[in-house]
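Comments concern the structure below.
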Amino acid sequence: MLKRAILPVAAAILTVLALIPAYWNAWWLLVWVLTLPTVALGIYDYVQTRWTITRNYPVAARIRWLFYDLRPFLRAYIVEGDLEGKPFPYEARNLVHARARGETDTHPFGTELDTEAEEYLWLNHSMAPANTPDMRPRVTVGNAQCSKPYSASVLNISAMSFGALSARAIEALNLGAKQGDFYHDTGEGGLSPYHLKHGGDIVWELGSGYFGARDGDGNFEPELFRDQAQNDAVKMTEIKLSQGAKPGHGGLLPAAKVTEEIARVRKVPAHQDCLSPRGHKAFKTPCEMMEFAARMRDLSGGKPVGLKLCVGQPHEVFALVKAMRKTGIYPDFIVVDGGEGGTGAAPQELSDSVGTPLIDGLILMRNALVGSGVRDKVRLAASGKVYSGFGLAHNLAIGADWCNAARAFMFSIGCIQAQRCHLGTCPTGVTTQDPSRQRGLVPEVQGERAARFHGKTLDALADIVAAAGITHPTDLQPHHIVHRVGVTQARTIDTVYPFLPEGVLLDDPDSTDYADWWNAADPDSFAPRFPLERVRESTRAHEKEA
């Protein structure tokens with residue numbers, strides 16, 4: 001025990017020994033400033049019952065706690081390699097920061113990526129590169145049921161709510177959207193004055209809490225929605241079904257963060273927990289969802305309306321496209337959020353293990369739209385860990401029309417991945433409601449950086465597109481991207497994943513890998529038409545015999 005308590009014991013001995021020289025010089029008693037608190041802390045640690053390790057190692061165990069607190073910083077700044085950090089490595093963060101600040105984003109001496117690793121991807125270039133690629137490519141969003149189509153950039157700001165982000169961060173992002181001519185998604189936290197202050201294009205997202213367009217009981221309030229959705233800055237509206245970080249969970253803004261201002265924007269009581277329910281009240285079936293989307297489009301004055309979701313059970317995805325065909329109502333776009341995404345706090349199990357990763361979810365949604373013959377009516381967007389020109393090219397080649405990025409734009413306005421978003425102690429003022437911390441973020445400076453990051457990333461995309469021998473990124477196809485599947489083998493994406501031909505789910509669904517899911521999909525229910533486990537067992541038995 002003496003060894004384990006060496007620090008308070010040594011402090012006690014020094015306390016006594018200091019009395020000897022203090023007899024001649026009272027300044028020696030200053031030693032007690034250090035030793036007496038150490039002795040007192042040692043006694044407290046020894047007798048307290050809450051922590052086992054400090055009972056056995058008085059004072060010394062607290063050094064362990066200190067290094068636990070310092071561990072993330074020591075690892076990020078000293079230990080980890082350029083390509084090792086999670087969720088974004090230093091190489092990715094540095095690329096965004098360099099582009100946002102206008103510094104050089106070139107790289108000397110060749111790639112540092114392991115080109116023999118199974119996760120390595122590359123683009124097959126052409127011997128006849130294009131001379132004049134579209135430097136600022138755009139995509140028209142809005143089918144025949146929409147009277148006010150919108151021309152969207154191929155890179156935009158993904159959904160992040162006021163409340164999760166600070167007022168100054170929202171301002172900076174919207175200013176960047178204005179300067180760079182791209183859109184800014186509000187997230188589900190409502191349409192705040194900070195989204196509108198600088199006049200950047202807005203996509204207003206409506207989640208299960210209907211924040212900003214709800215009555216006192218949390219139900220959708222059409223008049224409130226109409227009055228705000230018809231604002232000229234709002235270019236499109238979006239129904240959020242789920243998000244990558246916590247699909248099926250809803251969200252909670254703690255009472256401490258629900259200020260008077262946030263409460264006014266969200267139309268909720270101040271200083272009380274603000275809960276997003278797990279599911280929507282306004283619809284219960286896929287067909288009802290389409291009808292709600294049509295209602296939102298009408299209330300907005302004919303602006304495009306879309307859906308945002310993290311892909312889950314396949315039969316539900318097919319139920320959506322069946323509902324489109326049954327009702328004749330087509331959303332103008334669908335945003336697929338990857339299960340690896342997330343800017344705010346979420347339960348770790350949901351972040352790590354619930355929700356389909358972006359690539360798999362994007363391919364499934366693409367196949368559902370193409371296979372059911374509705375792809376020409378519904379645009380498709382991808383959201384999840386996009387930060388580079390190649391990331392854009394990869395998603396567009398798979399089937400997306402454009403991409404949204406959240407964390408990359410956070411980096412562009414100063415985020416350093418401190419991962420304090422859920423604590424309200426963000427050191428850069430991006431994800432905190434603390435005015436003293438927000439002070440460090442100057443919207444006029446950081447907004448320009450967001451716009452610069454956007455522009456330089458599109459420049460990089462244009463270089464990639466030109467190298468492929470085409471002029472617009474939406475002309476990229478799965479065969480342009482190669483995926484290494486072993487040290488000695490690499491295959492184009494269209495031979496790694498299934499890509500359905502037009503209308504095959506209508507004409508011959510049994511010829512596809514999705515036959516069971518398609519047959520189980522019901523446009524009038526999110527539940528399958530029959531017990532899937534029996535059909536899947538039968539399918540596996542047939543496959544085994546074959």
Side-chain angles (χ1 to χ4, degrees), residues 138-153 156-162 170 173-174 177-178 181-215 218-241 264-267 280-283 287-309 320 323-324 327-335 374 376-381 401-402 404:
R138 303 188 76 82
V139 177
T140 300
V141 188
N143 57 42
Q145 298 171 347
C146 164
S147 60
K148 295 181 179 178
Y150 173 66
S151 177
S153 171
N156 303 281
I157 301 172
S158 192
M160 294 181 283
S161 300
F162 172 50
I170 296 293
L173 291 172
N174 194 255
K178 176 66 174 180
D181 197 17
F182 52 98
Y183 78 64
H184 177 193
D185 193 311
T186 65
E188 68 172 320
L191 185 61
S192 75
Y194 306 105
H195 288 105
L196 303 172
K197 182 174 181 178
H198 298 288
D201 290 351
I202 287 293
V203 172
W204 183 13
E205 180 181 276
L206 210 63
S208 56
Y210 309 115
F211 298 127
R214 56 183 269 147
D215 63 19
N219 299 307
F220 177 66
E221 179 55 58
E223 287 75 20
L224 278 174
F225 176 78
R226 179 196 59 211
D227 293 344
Q228 297 176 83
Q230 292 190 12
N231 186 304
D232 289 341
V234 177
K235 303 302 182 183
M236 303 194 290
T237 61
E238 177 180 278
I239 304 170
K240 173 194 163 184
L241 303 174
R264 282 195 303 272
V265 170
R266 296 195 176 205
K267 305 293 189 290
H280 281 260
K281 293 181 180 180
F283 52 85
C287 283
E288 289 179 2
M289 184 196 301
M290 297 305 135
E291 292 166 356
F292 183 67
R295 189 182 184 195
M296 285 177 58
R297 184 159 48 202
D298 291 341
L299 289 168
S300 71
K303 296 175 182 179
V305 63
L307 312 175
K308 173 193 165 182
L309 73 158
L320 292 183
M324 295 177 201
T327 62
I329 300 170
Y330 301 94
D332 299 284
F333 65 94
I334 294 176
V335 179
V374 302
D376 62 326
K377 299 176 179 64
V378 184
R379 291 292 192 182
L380 186 58
D401 292 301
W402 76 85
N404 292 339

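Just so we're clear, the structure is a prediction, and the values are computed from it rather than from any experiment.
- The aromatic rings of W204 and F225 lie parallel to each other, with less than 30° between the two planes, well short of the 60° mark.
- N174 CG to L196 CG: the interatomic distance, rounded to the nearest 0.5 Å, is 7.5 Å.
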For Y183 and K235, run side-chain contact (heavy atoms from CB on, under 4.5 Å): C-alpha distance rounded to whole Å, both residues' side-chain angles, the deciding distance at 0.1 Å, then the answer. CA-CA 8 Å; Y183 78 64; K235 303 302 182 183; over 6 Å; no

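- Nearest heavy atom pair, residue N219 against residue K281, reads OD1-CD, 3.3 Å.
- In this structure, the side chain of T327 does not engage the main chain of C287 through any donor-acceptor pair within 3.5 Å.
- With rounding to the nearest 0.5 angstrom, the OH atom of Y210 is 11.0 Å from the CG atom of D215.
- With hydrogens and angles disregarded, no donor-acceptor distance shorter than 3.5 Å links the side chain of Y150 to the backbone of V203.
- Evaluation of the salt bridge (charged side-chain N to carboxylate O under 4.0 Å, His left out) test over residues 191-212, restricted to residues two or more places apart or in two chains, returns E171-K197, E205-K308.
- Considering every non-hydrogen atom in both N143 and P331, the closest pair reads ND2-O, 3.4 Å.
- Residues S147 and G301 share a closest heavy-atom pair of OG-O, 3.5 Å.
- The closest donor-acceptor contact from the side chain of H280 to the backbone of K240 lies under 3.5 Å.
- The ring pair (Phe, Tyr, Trp, His ring centres under 6.0 Å) search around F292 returns F220, F283, not counting sequence neighbours.
- Heavy atoms only, all atoms of each residue included: G189 and V265 are closest at O-CG1, 3.7 Å.
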Does the pair I239 and L241 meet the rule for a side-chain contact (heavy atoms from CB on, under 4.5 Å), with working shown? CA-CA 6 Å; I239 304 170; L241 303 174; 4.0 Å; yes

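- Side-chain atoms of L224 and R214, non-hydrogen and from C-beta on, never get closer than 4.5 Å to each other.
- Stacking of K377 on the aromatic ring of Y330 is recorded, both the 6.0 Å distance cut-off and the 45° axial limit being met.
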Output, in order, the C-alpha distance, side-chain angles, deciding distance and verdict of side-chain contact (heavy atoms from CB on, under 4.5 Å) for I157 and D185. CA-CA 6 Å; I157 301 172; D185 193 311; 5.8 Å; no

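- With rounding to the nearest 0.5 Å, the separation of CD in Q145 from CG in D298 is 9.5 Å.
- A donor-acceptor contact shorter than 3.5 Å is absent between the side chain of S153 and the backbone of F182.
- K303 contributes no side-chain N or O that, together with a main-chain N or O of T237, makes up a donor-acceptor pair within less than 3.5 Å.
- Residues P222 and L299 come closest through the heavy atom pair CB-CD1, 3.9 Å.
- Taken from CZ in F162 to OG1 in T186, the straight-line distance is 12.5 Å, to the nearest 0.5 Å.
- Looking only at distances, no side-chain donor or acceptor of D332 sits under 3.5 Å from a matching main-chain atom of G306.
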Report the C-alpha distance between S192 and I170 in whole Å, list the side-chain angles of each, state the deciding distance to 0.1 Å, and finish with yes or no for side-chain contact (heavy atoms from CB on, under 4.5 Å). CA-CA 9 Å; S192 75; I170 296 293; 4.3 Å; yes

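- Proximity of a side-chain donor or acceptor of R297 to a complementary backbone N or O of C146 within less than 3.5 Å is not detected.
- Counting only residues at least two apart or in different chains, side chain to side chain donor-acceptor pair (under 3.5 Å) contacts with residues 223-233 are absent.
- Separating the CG atom in L206 from the CG atom in L191 is a distance of 11.0 Å, to the nearest 0.5 Å.
- Within the model, atoms CE of M289 and CE of M324 stand 9.0 Å from one another, a figure rounded to the nearest 0.5 Å.
- A cation-pi contact links R266 to F211, judged by a cut-off of 6.0 Å to the six-membered ring centre and 45° from its axis.
- Nearest heavy-atom pair, H184 versus A177, reported as atom, atom and distance to 0.1 Å: CB-CB, 4.1 Å.
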